[in-house]
Amino acid sequence: MEGFTERAIDTIKNVPSGKVMTYGQVAAHAGSPRAARQIARILHSMSAKHELPWHRIINAQGKIVLNDEESRYTQRALLIKEGIKVSESGFVDLNLYRHDPFGN
DNA sequence: TTCATGACCGTAG
DNA sequence: ACTACGGCCATGA
């Protein structure tokens, strides 16, 4: 493994379709539990380049928090297409769709 | 090395 | 559900 960023990207790539992970979860799995903000930055800047399933990453409340209106719509559409139920206000039920890297 | 920057997190009102 | 605040921390200039 390289550094935090590498592990984070790897973690994100391993989120299966139909599941989601929170920023904090990814950070923790990458070795830095309190570095959730870095995950946000990684997705913001490298999602296209690394072909990451960026739409499967949401915040700890299970809510979509993108600033851009268009991106929000896209993310919601992608999640729904994978079978995830998303409320109109952009909430996802983490109890049902949370992906646990360790399989718990 | 210091400084600003985030698609965050948890708590509180 | 919404806003406000303080805390956290890996990057890049």
Side-chain angles (χ1 to χ4, degrees):
Chain A
M1 291 287 182
E2 325 297 309
F4 172 78
T5 301
E6 276 294 327
R7 293 195 297 277
I9 290 176
D10 194 62
T11 300
I12 295 170
K13 277 185 176 175
N14 281 318
V15 180
S17 172
K19 292 287 185 176
V20 298
M21 268 184 94
T22 69
Y23 297 87
Q25 261 187 291
V26 176
H29 190 257
S32 189
R34 318 251 172 122
R37 306 187 68 157
Q38 278 50 252
I39 305 303
R41 193 152 74 72
I42 290 171
L43 291 175
H44 180 68
S45 59
M46 328 187 81
S47 57
K49 182 179 179 183
H50 288 261
E51 297 180 354
L52 301 177
W54 59 272
H55 56 280
R56 309 207 181 114
I57 310 301
I58 58 184
N59 76 1
Q61 330 296 311
K63 186 187 183 183
I64 292 175
V65 288
L66 298 189
N67 318 309
D68 185 49
E69 194 176 328
E70 205 169 297
S71 301
R72 265 187 310 224
Y73 181 84
T74 302
Q75 175 164 18
R76 181 165 182 276
L78 286 171
L79 290 176
I80 290 177
K81 194 162 67 175
E82 295 184 351
I84 296 177
K85 184 172 183 178
V86 186
S87 77
E88 289 193 18
S89 45
F91 277 95
V92 169
D93 189 339
L94 287 175
N95 288 314
L96 295 178
Y97 308 112
R98 180 197 300 277
H99 170 58
D100 190 336
F102 300 102
N104 302 313

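From a predicted model like this one, the values you see are computed outputs, not experimental measurements. We name chains A, B, ... by the order of the sequence lines, and we start the count at 1 in each one.
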[X] [atom1] to [N] [atom2]: how many Å, rounded?
X: A:Y23; N: B:dC8; atom1: OH; atom2: P; result: 5 Å
X: A:I64; N: B:dC8; atom1: CD1; atom2: P; result: 12 Å
X: A:F4; N: B:dC8; atom1: CZ; atom2: C1'; result: 11 Å
X: A:M46; N: B:dG6; atom1: CE; atom2: P; result: 16 Å
X: A:I57; N: B:dC9; atom1: CD1; atom2: P; result: 11 Å
X: A:I39; N: B:dC8; atom1: CD1; atom2: P; result: 12 Å
X: A:H29; N: B:dC8; atom1: NE2; atom2: C1'; result: 19 Å
X: A:I58; N: B:dA7; atom1: CD1; atom2: P; result: 17 Å

Check this for me: does the side-chain of A:R34 come within 3.5 Å of the base of B:dG10 through a donor and an acceptor?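 Side chain to base: no pair present.
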Is there a donor N/O on one and an acceptor N/O on the other, under 3.5 Å, for the side chain of A:R41 and the base of B:dG6?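 Result: no qualifying N/O pair found.
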Shortest non-hydrogen contact from [X] toward [Y]:
X: A:P101; Y: A:Q25; result: CD-NE2, 4.3 Å
X: A:K19; Y: A:I84; result: N-CD1, 3.9 Å
X: A:R72; Y: A:I64; result: CG-CG2, 3.8 Å
X: A:F4; Y: A:S32; result: CE1-CB, 3.5 Å
X: A:L94; Y: A:Q61; result: CD1-C, 4.2 Å

So, OP1 or OP2 of [N]: does either fall under 4.0 Å of a side-chain N or O from [X]?
X: A:S32; N: C:dC9; result: no
X: A:K63; N: C:dC2; result: yes
X: A:N59; N: B:dC8; result: no

Using atom P in both nucleotides, what's the gap between B:dA12 and C:dC8 to the nearest angstrom?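 Approximately 16 Å lies between the P atom of B:dA12 and that of C:dC8.
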Residue whose closest nucleotide on DNA chain C lies nearer the 5' end, A:I42 versus A:R37: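 Looking at the nearest nucleotide for each, A:R37 comes out on the 5' side.
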Let me know, please, whether A:L66 or A:Q61 comes out on the 5' side of the other along DNA chain B by nearest nucleotide.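 On the 5' side of the pair lies A:L66.
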